[in-house]
Amino acid sequence: MTEAKLAPNLPQWMIDHSNRYLASGGTDGHMYTINQPDRPALTVPSLMLTTTGRKSGEKFMFPLFYGQIGDSYIIVASKGGAPQHPKWYLNILANPEVEVQVGTRKLTARARTATGEERARLWEKALEFWPPYADYQKKTEREIPVVVLDPIP
């Protein structure tokens with residue numbers, strides 16, 4: 001995989017999680033347990049997404065929760081319900097070829113935004129692995145994108 005660095009301005013818990021994930025080669029951190037106020041603890045699968053910066057051309061890594069559909073992975077551009085899309089999503093719109101690490105597996109994939117019926121179906125799947133997405137959608141007027149990462153053979 002191309003040399004990449006953690007995205008700037010990540011919250012400390014994401015930095016800590018990413019460092020553990022990367023230092024272990026994906027054996028520690030793939031399944032992430034998070035405790036949120038007023039919610040039961042959730043254990044969620046996480047991957048490391050590497051995008052190419054749309055302005056800088058540099059490689060940036062982002063830890064994201066995911067689901068799997070066949071050989072593809074789904075991720076959600078929620079940014080916690082913020083009014084703007086996360087930077088990683090803007091990066092994939094500019095350059096959809098990404099690098100992905102899922103546990104110890106590393107691959108190249110093409111990212112695409114699900115639309116229509118596919119988005120509706122995948123949104124429901126995303127709510128299964130991370131129910132708080134429903135609350136995030138209520139906080140913002142934008143439709144939160146569901147992204148499919150299709151492996152490139």
Side-chain angles (χ1 to χ4, degrees), residues 1-11 13-34 42-82 84-134 136-137 140 142-153:
M1 295 211 143
T2 307
E3 198 59 41
K5 59 185 175 184
L6 282 181
N9 304 316
L10 291 176
W13 73 268
M14 283 186 167
I15 294 169
D16 295 343
H17 171 69
S18 298
N19 287 337
R20 189 171 70 248
Y21 201 116
L22 296 169
S24 71
T27 60
D28 183 19
H30 174 238
M31 296 304 291
Y32 183 75
T33 300
I34 187 166
L42 284 173
T43 300
V44 189
S46 65
L47 57 73
M48 296 298 296
L49 176 73
T50 301
T51 66
T52 302
R54 66 199 175 285
K55 296 176 186 172
S56 68
E58 293 182 73
K59 299 278 189 177
F60 294 107
M61 290 183 287
F62 301 84
L64 300 169
F65 299 146
Y66 77 92
Q68 191 165 1
I69 303 292
D71 291 336
S72 298
Y73 300 97
I74 61 169
I75 53 177
V76 178
S78 68
K79 199 174 181 183
Q84 68 277 28
H85 294 307
K87 287 185 171 53
W88 66 259
Y89 181 69
L90 300 175
N91 289 346
I92 65 164
L93 291 177
N95 183 353
E97 190 166 309
V98 297
E99 296 168 4
V100 183
Q101 181 172 345
V102 181
T104 58
R105 180 179 183 222
K106 295 180 180 182
L107 62 135
T108 302
R110 183 161 310 282
R112 62 182 176 82
T113 304
T115 58
E117 183 278 325
E118 181 188 38
R119 186 215 176 264
R121 180 173 46 80
L122 296 180
W123 177 257
E124 292 304 314
K125 175 92 173 154
L127 293 176
E128 291 173 16
F129 66 82
W130 187 247
Y133 286 142
Y136 301 167
Q137 185 61 78
T140 185
R142 68 183 173 94
E143 180 178 74
I144 293 177
V146 178
V147 175
V148 180
L149 304 173
D150 295 313
I152 298 173

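Source: prediction; values computed, not measured.
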Could you please spell out the steps behind the side chain to side chain contact (heavy atoms under 4.5 Å, CB included) verdict for Thr108 and Glu97? CA-CA 7 Å; Thr108 302; Glu97 190 166 309; 3.8 Å; yes
Starting from the C-alpha separation in whole Å, work towards a yes-or-no answer on side chain to side chain contact (heavy atoms under 4.5 Å, CB included) for Trp88 and Leu49. CA-CA 8 Å; Trp88 66 259; Leu49 176 73; 3.6 Å; yes
For Ser78 and Ile144, the nearest pair of non-hydrogen atoms, with its separation, is CA-CG2, 3.6 Å
Using side-chain heavy atoms (C-beta onward) and a distance below 4.5 Å, is Phe60 in contact with Thr50? no
Student check: side-chain heavy atoms of Ile69 and Leu122 closer than 4.5 Å: yes
Considering only NZ, NE, NH1 and NH2 on the basic side and carboxylate oxygens on the acidic side, decide whether Lys5 and Glu58 come within less than 4.0 Å. yes
With rounding to the nearest 0.5 Å, note down the distance linking CD in Glu118 to NZ in Lys125. 13.5 Å
Tell me yes or no: between the side chains of Thr52 and Lys59, is some donor less than 3.5 Å from an acceptor? yes
So do the side chains of Tyr66 and Val147 get within less than 4.5 Å of each other, counting heavy atoms only? no
Would you please test Lys87 and Ile92 for side chain to side chain contact (heavy atoms under 4.5 Å, CB included) and show each step? CA-CA 9 Å; Lys87 287 185 171 53; Ile92 65 164; over 6 Å; no
Nearest non-hydrogen partners of Trp13 and Phe65, listed with the distance: CH2-CZ, 4.2 Å
Between Glu124 and Arg119, does any side-chain N to carboxylate O distance fall below 4.0 Å? no
Between Glu128 (side chain only) and Trp130 (backbone N and O only), is there a donor and an acceptor less than 3.5 Å apart? no
For a 4.5 angstrom cut-off between non-hydrogen side-chain atoms, does Pro132 reach Leu42? yes
Look up atom CE in Met48 and atom OG in Ser18, then write down how far apart they are to the nearest 0.5 Å. 3.5 Å
How long is the span from the CE atom in Met61 to the CE atom in Met14, to the nearest 0.5 Å? 13.5 Å
Could you tell me if the side chain of Arg54 sits less than 4.5 Å from the side chain of Asn95, heavy atoms only? no
How close do Ala82 and Thr140 get, heavy atom to heavy atom, and via which atoms? O-OG1, 3.3 Å
Donor-acceptor pairs are to be reported for all side-chain atoms of residues 20-29 against protein atoms at under 3.5 Å, with residues two or more places apart or in another chain.
{"unit_1": "Arg20", "atom_1": "NE", "unit_2": "Asp28", "atom_2": "OD1", "d": "3.4"}
{"unit_1": "Arg20", "atom_1": "NE", "unit_2": "Asp28", "atom_2": "OD2", "d": "3.3"}
{"unit_1": "Tyr21", "atom_1": "OH", "unit_2": "Ser46", "atom_2": "O", "d": "2.9"}
{"unit_1": "Tyr21", "atom_1": "OH", "unit_2": "Gln101", "atom_2": "O", "d": "3.3"}
{"unit_1": "Tyr21", "atom_1": "OH", "unit_2": "Gly103", "atom_2": "N", "d": "2.7"}
{"unit_1": "Ser24", "atom_1": "OG", "unit_2": "Arg20", "atom_2": "O", "d": "3.1"}
{"unit_1": "Ser24", "atom_1": "OG", "unit_2": "Tyr21", "atom_2": "O", "d": "3.1"}
{"unit_1": "Ser24", "atom_1": "OG", "unit_2": "Gly26", "atom_2": "N", "d": "3.3"}
{"unit_1": "Ser24", "atom_1": "OG", "unit_2": "Thr27", "atom_2": "N", "d": "3.2"}
{"unit_1": "Ser24", "atom_1": "OG", "unit_2": "Asp28", "atom_2": "N", "d": "2.8"}
{"unit_1": "Ser24", "atom_1": "OG", "unit_2": "Asp28", "atom_2": "O", "d": "3.1"}
{"unit_1": "Thr27", "atom_1": "OG1", "unit_2": "Ser24", "atom_2": "O", "d": "3.0"}

Any side-chain heavy atom of Leu149 sitting closer than 4.5 Å to one from Ile75? yes
Sub-3.5 Å donor-acceptor pair from the side chain of Arg112 to the main-chain atoms of Pro96, do we have one? no
Side chains of Met31 and Val44, heavy atoms from C-beta outward: is any pair under 4.5 Å? no
Tell me the closest heavy-atom pair linking Val148 and Ser72, and the distance in Å. CG1-CB, 3.9 Å
Once you round to the nearest 0.5 Å, how far does CD of Glu99 lie from CG of Leu47? 13.0 Å
From CG (Asn19) to CG (Leu6), nearest 0.5 Å: 5.5 Å
Quick one: does Arg142's side chain get under 4.5 Å of Lys79's, heavy atoms only? yes
Please determine, by modelled atom types, if Tyr89 and Thr113 share a side-chain donor-acceptor pair under 3.5 angstrom. yes
What heavy-atom pair brings Ala134 and Leu127 nearest, and what distance separates the two atoms? N-CD2, 3.4 Å
Tell me whether the rings of Tyr133 and Trp123 are parallel (<30°), tilted (30 to 60°) or perpendicular (>60°). tilted
Taken to the nearest 0.5 Å, the spacing of Ile74 CD1 from Asp150 CG works out to 11.5 Å
